[in-house]
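Some notes on the structure that comes next.
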Amino acid sequence: MAACEPDREPDPSDSLRTWGAVQQALREHAGYSRAEFADLVRFSKHTVESVELGRRMPDESYVVRSEELLGNTGALRKSSKYVTRGRGDVGLAAWFREWARLERVAVSLCTYECRLVPGLLQSEGYARAVFDNSIPLLSDQELEDQLVARLGRQKLLGERHSVPFSFIVEEHVFRRQLGGADVMRGLYDHVLELTAPRNVTLQIMPLDTEFHACLDGPLQLLETPKRQRLAYSEGQQNGRLISDPKEVSLLYQRYDTLRSQALNPKDSRGLLERLRGEL
């Protein structure tokens with residue numbers, strides 16, 4: 001058991017549990033059921049439960065709407081500034097944690113995906129559909145932990161406005177109806193919103209392309225504050241952090257070539273809008 005200890009998922013922080021418990025007490029005092037409250041704050045019942053049990057960081061919009069519903073005293077809003085998750089890797093696969101830590105400080109990030117919409121762009125409904133398809137099946141707790149971790153990573157896009165984020169995603173990924181039409185409709189809206197800022201670009205690799213520079217699979221690239229370039233490659237139940245300069249240089253060449261082969265950002269957004277209109 002000692003050998004497995006480093007991969008044990010950490011418990012939520014005390015501040016996260018405390019904030020959730022206070023919000024739950026205020027909700028119950030106001031006479032709202034969890035389902036009623038979820039409708040009013042415009043989050044899912046699963047999200048409200050996760051926040052109240054200390055499994056999920058409350059989003060800013062969640063805090064604001066909760067404050068308005070539960071007395072508008074300022075207590076929830078002011079205390080939310082001091083809530084911390086803890087170690088920051090709850091729900092992340094052991095082999096991905098180091099890359100996730102590097103993401104938080106990277107000065108640039110590039111992602112190519114041919115399997116799923118990249119985690120940084122997934123909507124809550126789409127991410128839940130992804131985890132619902134896990135084999136073996138995840139427990140409710142495991143699913144919520146992974147969902148929280150995935151959505152939490154997306155704060156990078158909203159908080160780091162000077163960092164360039166580049167995404168190249170295969171067209172078939174956006175055409176696969178994972179979770180059904182409603183989930184995909186929400187995903188398209190979510191991706192269009194997240195990729196609207198000037199520092200975030202999305203390019204779609206069209207189905208009818210004759211050339212493809214990244215046939216070996218998905219790829220992530222980043223540059224650290226010390227200007228070191230690193231790469232990450234992930235497969236079935238494993239991931240590899242690549243630091244060898246020659247190998248990283250080759251992967252950057254492939255990504256740069258792929259950029260020239262994919263649709264430009266304007267045409268990529270147009271394709272997403274058409275796909276949404278077809279639902």
Side-chain angles (χ1 to χ4, degrees), residues 1 4-94 96-105 119-120 122-125 127-128 130-132 134 138-161 190 194:
M1 291 295 292
C4 297
E5 186 63 17
D7 290 343
R8 181 181 65 83
E9 299 293 359
D11 293 330
S13 68
D14 289 341
S15 63
L16 193 57
R17 283 196 296 259
T18 299
W19 196 93
V22 170
Q23 186 256 282
Q24 180 178 359
L26 291 173
R27 170 182 63 77
E28 292 173 346
H29 180 73
Y32 296 119
S33 69
R34 190 168 277 164
E36 291 170 336
F37 187 75
D39 287 339
L40 292 169
V41 295
R42 302 196 295 280
F43 281 82
S44 70
K45 182 181 176 182
H46 293 289
T47 296
V48 173
E49 180 181 17
S50 293
V51 170
E52 292 184 346
L53 296 179
R55 299 197 301 248
R56 174 170 183 162
M57 286 283 287
D59 295 345
E60 182 178 355
S61 57
Y62 182 100
V63 173
V64 170
R65 294 168 194 166
S66 297
E67 183 76 68
E68 293 172 350
L69 284 170
L70 302 177
N72 223 10
T73 63
L76 292 177
R77 184 176 64 255
K78 291 180 180 179
S79 62
S80 68
K81 299 176 182 179
Y82 304 99
V83 175
T84 60
R85 181 187 296 283
R87 198 174 72 194
D89 55 10
V90 180
L92 295 177
F96 185 75
R97 290 174 186 164
E98 180 59 27
W99 185 259
R101 285 191 282 271
L102 289 166
E103 275 186 337
R104 298 180 201 128
V105 298
L120 289 176
Q122 292 180 7
S123 65
E124 180 175 348
R128 189 176 294 278
V130 170
F131 295 131
D132 276 340
S134 296
L138 300 175
S139 68
D140 290 344
Q141 177 71 62
E142 289 170 333
L143 190 151
E144 289 300 324
D145 284 345
Q146 294 199 27
L147 185 64
V148 167
R150 181 149 300 178
L151 298 180
R153 286 175 55 224
Q154 293 183 4
K155 292 183 179 180
L156 291 173
L157 299 178
E159 295 172 351
R160 312 198 66 204
H161 302 290
H190 188 70
L194 289 182

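Excluded from the calculations below are hydrogen atoms, water molecules and symmetry mates; all remaining heavy atoms, backbone and side chain alike, are included.
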Output all residues satisfying side-chain hydrogen bond (donor to acceptor under 3.5 Å, both in side chains) with [X], sequence neighbours left out; order by chain, then residue number.
{"X": "Glu144", "value": "Ser50, Arg128"}
{"X": "Arg65", "value": "none"}
{"X": "Arg34", "value": "Glu52"}
{"X": "Ser61", "value": "none"}

Could you give the distance from [atom1] ([X]) to [atom2] ([Y]), rounded to the nearest 0.5 Å?
{"X": "Thr73", "Y": "Glu67", "atom1": "OG1", "atom2": "CD", "value": "5.0 Å"}
{"X": "Phe131", "Y": "Gln122", "atom1": "CZ", "atom2": "CD", "value": "6.5 Å"}
{"X": "Ser80", "Y": "Glu60", "atom1": "OG", "atom2": "CD", "value": "8.0 Å"}
{"X": "Leu147", "Y": "Asp132", "atom1": "CG", "atom2": "CG", "value": "9.5 Å"}

Would you say CG of Asn72 has more than 12 non-hydrogen atoms from neighbouring residues, nucleotides or ligands within 6.0 angstrom?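 Check passes, neighbour count above 12.
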Over 12 non-hydrogen atoms of neighbours within 6.0 angstrom of CD in Gln141: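 Yes - once you tally the heavy atoms of other residues, nucleotides and ligands closer than 6.0 Å, there are more than 12.
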Donor-acceptor contact present, side-chain Gln24 to main-chain Val48, <3.5 Å: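 A pair under 3.5 Å: no.
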Using atom types as modelled and distance alone, determine if a side-chain donor or acceptor of Arg160 lies under 3.5 Å from a backbone N or O of Arg104.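 Checked: pair present.
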Residues forming a side-chain contact (heavy atoms from CB on, under 4.5 Å) with Glu36, sequence neighbours excluded: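 Glu36 satisfies side-chain contact (heavy atoms from CB on, under 4.5 Å) with Tyr32, Ser33 only.
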Only distances under 3.5 Å count here; give the side-chain donor-acceptor pairs of residues 40-47 to other protein atoms, sequence neighbours excluded, each with its distance to 0.1 Å.
from: Ser44; atom 1: OG; to: Thr47; atom 2: N; distance (Å): 3.1
from: Ser44; atom 1: OG; to: Thr47; atom 2: OG1; distance (Å): 2.9
from: Ser44; atom 1: OG; to: Glu124; atom 2: OE2; distance (Å): 3.2
from: Thr47; atom 1: OG1; to: Arg56; atom 2: NH1; distance (Å): 3.2
from: Thr47; atom 1: OG1; to: Glu124; atom 2: OE2; distance (Å): 2.7

Between Trp19 and Val63, is a side chain to side chain contact (heavy atoms under 4.5 Å, CB included) present by the stated rule, with each step listed? CA-CA 10 Å; Trp19 196 93; Val63 173; 3.9 Å; yes
Are Leu120 and Arg150 close enough that some pair of their side-chain heavy atoms sits under 4.5 Å apart?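 A side-chain contact is absent here, since even the closest heavy-atom pair is not under 4.5 Å.
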